[in-house]
Amino acid sequence: MTETTAKTGHPKGLWVLFGTEMWERFNFYGMRAILTLFLVNSLMMKEEDASLIYGGFLGLCYLTPMLGGFIADRFFGNRNCILLGGLMMAIGQLLLFFSASVFGTNIGLANTLMWSALGIIIFGNGFFKPNISSMVGSLYPKQEKSKLDTAFTIFYMGINLGAFLGQLICPIVGDVKNAEGIRDIHAFKWGFLAASMAMLIGTALFYVLKNKYVVTPEGRPLGGLPSKNEAADYEEGESQKAVFSSTALIMAGVAFLSLGALIHFVFDQNLIYTLIYSSGLTLAGLIVSDSSLTKVERDRIFVIYIVAFFIIFFWAAFEQAGSSLTFIADNQTDRNFFGWNMPPSMVQIFNGLFVVAFAVPFSMLWDYLRSKSKEPISPMKQAFGLALIALSYFIIAHNVKDLGNSGLLAIKWLILLYLIQTCAELCLSPIGLSLVGKLSPKRFSSLLYGVFFLSNASGYALAGTLGSIMPATGDKFIKAKELGIDLQGVLDKTVTLTPEQAKLLADNQISDHNPIFAGFEIHNLFEFFMVFVVLCGLAAIILFALTPLLKKLMHGVR
């Protein structure tokens with residue numbers, strides 16, 4: 001046993017990356033917990049607009065890893081990109097702190113600071129996210145790749161320990177209500193400041209410990225400048241450099257513009273969502289055009305692409321936590337938790353808590369099944385995850401079916417939803433990260449993590465679109481009644497609004513029509529949640545059916 005290997009059988013570098021990612025996720029999920037509430041309550045946006053901004057922001061956060069992965073693989077290396085990304089995200093959170101400090105006196109400046117902050121966080125996450133995941137995979141030599149599912153499940157526990165802490169602390173200091181239930185809209189800044197401090201801690205941790213522990217079994221530093229990579233870093237016979245022809249690059253450019261035009265003008269997507277979808281498809285095509293790829297490498301990359309497509313539907317459903325589920329927790333949930341009225345932004349904390357509780361048992365389960373030669377292959381595990389998230393929404397849909405406009409959902413049902421979704425997440429997300437590490441050629445390692453995160457980006461963009469179709473919740477009907485308007489009659493088209501009443505609804509961020517999705521009108525929360533049941537249920541069934549083909553294309557990798 002070397003100095004760099006812990007008694008668990010995993011390198012000590014895994015625990016350094018675990019801690020770095022933990023603080024980064026504190027920063028990200030802590031900010032995420034209060035972002036939409038800040039947009040609605042301080043910057044006075046409609047919930048529909050806040051959901052679209054939220055989805056676009058998260059989508060771009062997982063689009064830029066493509067750029068960060070490319071720059072790391074070609075120029076800067078993993079280490080430098082992690083440090084750069086960490087510092088950028090800390091600065092972005094500080095700008096959100098200043099935005100939340102000045103909105104009361106200068107709403108224009110507050111909006112400018114908010115948009116600037118989100119932009120910096122987007123690029124910071126792009127540098128950070130693919131490179132730290134790539135370094136986890138690099139810790140394990142070829143003969144130890146079978147440990148990656150377990151390693152990424154442990155790493156994922158760090159992600160969610162950070163998420164738990166962020167979703168606990170940032171709402172406690174940033175989402176504050178008085179005894180009468182009135183929110184202190186000036187408190188959001190302290191949540192953003194806490195997120196910034198967490199990111200600085202994580203960056204400092206990595207900087208101090210990287211040279212001692214984030215190394216190969218022989219002690220060579222991992223993730224340095226690509227120009228200093230050695231032949232030993234690659235598998236025997238593996239090309240060390242991608243080969244893209246001029247024709248392939250030109251065709252990629254044409255494909256990007258053509259897809260962008262199709263998605264924007266034909267499918268009516270906004271520019272951010274258009275960029276996410278067209279970039280993902282174009283990059284996927286460019287990578288497989290590399291003339292140095294062998295048939296086995298190309299087949300394995302296709303497996304990554306196929307799995308990534310199905311993951312889109314998982315994240316579209318899962319990421320309702322920060323938008324529609326937060327609004328429901330705020331407006332139509334009895335949040336009494338053992339005598340304590342929990343802040344609505346904190347309800348999603350149960351996801352991080354359950355991941356921390358169940359990550360090790362899931363890791364032990366995979367190890368046990370592997371020892372009995374009964375471990376499902378990675379795509380099968382991910383199909384289980386999709387089926388579970390469909391089940392979680394099926395349960396919640398039936399519990400909101402009879403709420404009406406004034407009933408309150410018991411918080412236990414949201415807790416159960418997060419419990420089931422946590423089990424789904426542990427079957428899908430760390431397994432997906434591990435799969436990329438097993439199947440990626442070394443020269444595409446960080447870039448393929450970037451491509452894989454594009455499925456997250458597309459899922460988050462879809463999450464924003466789906467979150468925006470949430471129908472009016474109880475508080476909207478109460479507010480409309482106070483304004484002397486029969487909102488139910490308006491939505492049922494039995495009451496005609498006067499221009500003055502229409503303006504009153506708009507000023508109070510209340511829509512005067514039911515949302516439409518895929519040609520269907522969404523009348524209530526039951527129909528809204530059933531959208532996710534259908535999407536994820538169908539995705540699970542199709543992925544189950546494709547598993548034999550994917551197993552063949554993986555060429556022996558499980």
Side-chain angles (χ1 to χ4, degrees), residues 36-37 39-41 44-55 181 267-270 316-317 320 323-335 344 390 392-411 413-414 417 462-538:
T36 51
L37 294 175
L39 297 179
V40 169
N41 292 280
M44 303 306 293
M45 296 183 182
K46 290 183 178 180
E47 289 180 357
E48 176 183 353
D49 294 334
S51 289
L52 288 171
I53 291 171
Y54 172 80
F267 293 102
D268 197 29
Q269 296 294 306
N270 64 38
Q320 296 305 307
S323 55
S324 63
L325 290 175
T326 294
F327 294 138
I328 290 167
D330 191 20
N331 301 325
Q332 204 156 352
T333 299
D334 177 3
R335 300 188 307 276
S392 73
Y393 278 109
F394 183 76
I395 292 172
I396 205 76
H398 278 271
N399 279 283
V400 300
K401 190 173 184 178
D402 300 319
L403 283 183
N405 299 332
S406 57
L408 294 179
L409 178 70
I411 194 172
W413 296 115
L414 285 179
L417 175 138
L462 184 56
T465 300
L466 295 176
S468 70
I469 66 169
M470 185 180 74
T473 48
D475 66 308
K476 299 295 186 296
F477 292 92
I478 294 170
K479 184 64 179 179
K481 186 175 181 180
E482 292 173 357
L483 298 171
I485 300 171
D486 176 10
L487 182 59
Q488 188 63 61
V490 172
L491 297 177
D492 292 339
K493 300 181 177 62
T494 59
V495 172
T496 302
L497 289 173
T498 66
E500 293 77 13
Q501 289 176 322
K503 185 177 185 304
L504 276 175
L505 290 180
D507 289 344
N508 285 274
Q509 306 167 33
I510 301 172
S511 178
D512 60 1
H513 60 274
N514 284 319
I516 304 291
F517 178 71
F520 295 96
E521 186 173 0
I522 307 298
H523 299 88
N524 50 53
L525 289 176
F526 172 77
E527 294 178 0
F528 172 69
F529 285 126
M530 286 303 294
V531 169
F532 300 100
V533 175
V534 172
L535 287 177
C536 294
L538 286 175

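What you see is a predicted model; the values in this text were computed from it and never measured.
Listed by chain and number, the residues in a side chain to side chain donor-acceptor pair (under 3.5 Å) with S392 are Q421 (sequence neighbours excluded). With sequence neighbours excluded, the residues satisfying side chain to side chain donor-acceptor pair (under 3.5 Å) with E47 are N331, K476. In this structure A410 satisfies the side-chain contact (heavy atoms from CB on, under 4.5 Å) test together with K412, W413, sequence neighbours excluded. Applying the side-chain contact (heavy atoms from CB on, under 4.5 Å) criterion to L403, with sequence neighbours excluded, gives Q332, V400, L409. Taking F327 as the reference, nothing meets the ring-ring contact (aromatic ring centres under 6.0 Å, His included) condition, with sequence neighbours excluded. Listed by chain and residue number, Q320 satisfy the side chain to side chain donor-acceptor pair (under 3.5 Å) test with S324 (two or more places apart in sequence, or in another chain). Under the rule for a side-chain contact (heavy atoms from CB on, under 4.5 Å), the partners of L462 that lie at least two apart in sequence or sit in another chain are Y277, I312, F313, A316, L466. L538 meets the side-chain contact (heavy atoms from CB on, under 4.5 Å) test with V534; sequence neighbours excluded. For F394, the ring-ring contact (aromatic ring centres under 6.0 Å, His included) partners at least two apart in sequence or on another chain are H398.
Annotation: the span from Q501 atom CD to T496 atom OG1 amounts to 9.5 Å, rounded to 0.5 Å. In this structure, the separation between CG on D49 and CG on L39 is 10.0 Å, given to the nearest 0.5 Å. In this structure, M470 CE and F529 CZ are separated by 8.0 Å, a value rounded to the nearest 0.5 Å. Atoms CD1 and CG, on I411 and L417 in that order, are 12.0 Å from each other to the nearest 0.5 Å. A distance of 11.0 Å separates OH of Y393 from CG of L535, quoted to the nearest 0.5 Å.
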Side chains of residues 478-486: which donor-acceptor partners sit under 3.5 Å, not counting sequence neighbours?
from : atom 1 : to   : atom 2 : distance (Å)
D486 : OD1    : Q488 : N      : 3.4
D486 : OD1    : G489 : N      : 3.2

Side-chain atoms of residues 521-528: list all donor-acceptor pairs with protein atoms under 3.5 Å, sequence neighbours left out, distances to 0.1 Å.
from : atom 1 : to   : atom 2 : distance (Å)
E521 : OE2    : N514 : ND2    : 3.0
H523 : ND1    : E521 : O      : 3.3
H523 : ND1    : E527 : OE1    : 3.1
N524 : OD1    : F526 : N      : 3.2
N524 : OD1    : E527 : N      : 2.9
E527 : OE1    : H523 : N      : 2.8

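A salt bridge (Lys or Arg N to Asp or Glu O under 4.0 Å) check over residues 397-411, counting only residues at least two apart or in different chains, returns nothing.
Here the closest non-hydrogen pair linking T326 and P344 is O-CB, 4.2 Å. Of all heavy-atom pairs between A390 and G537, the closest is CB-N, 3.7 Å. Residue S511 comes nearest to L487 through the heavy atom pair O-CD1, 3.8 Å, listed as atom of the first residue, atom of the second, then distance.
At distances below 3.5 Å, at least one donor-acceptor pair connects side-chain atoms of T333 with backbone N or O atoms of I328.
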Take Q509 and E48, measure what side chain to side chain contact (heavy atoms under 4.5 Å, CB included) needs, and give me the verdict at the end. CA-CA 9 Å; Q509 306 167 33; E48 176 183 353; over 6 Å; no

Side chain to side chain contact (heavy atoms under 4.5 Å, CB included) between T465 and Q269: does it pass, once the steps are laid out? CA-CA 9 Å; T465 300; Q269 296 294 306; 4.3 Å; yes

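The shortest side-chain heavy-atom distance between I510 and F477 does not fall under the 4.5 Å cut-off. Side chains of L325 and I396 form no contact here, defined as non-hydrogen atoms less than 4.5 Å apart.
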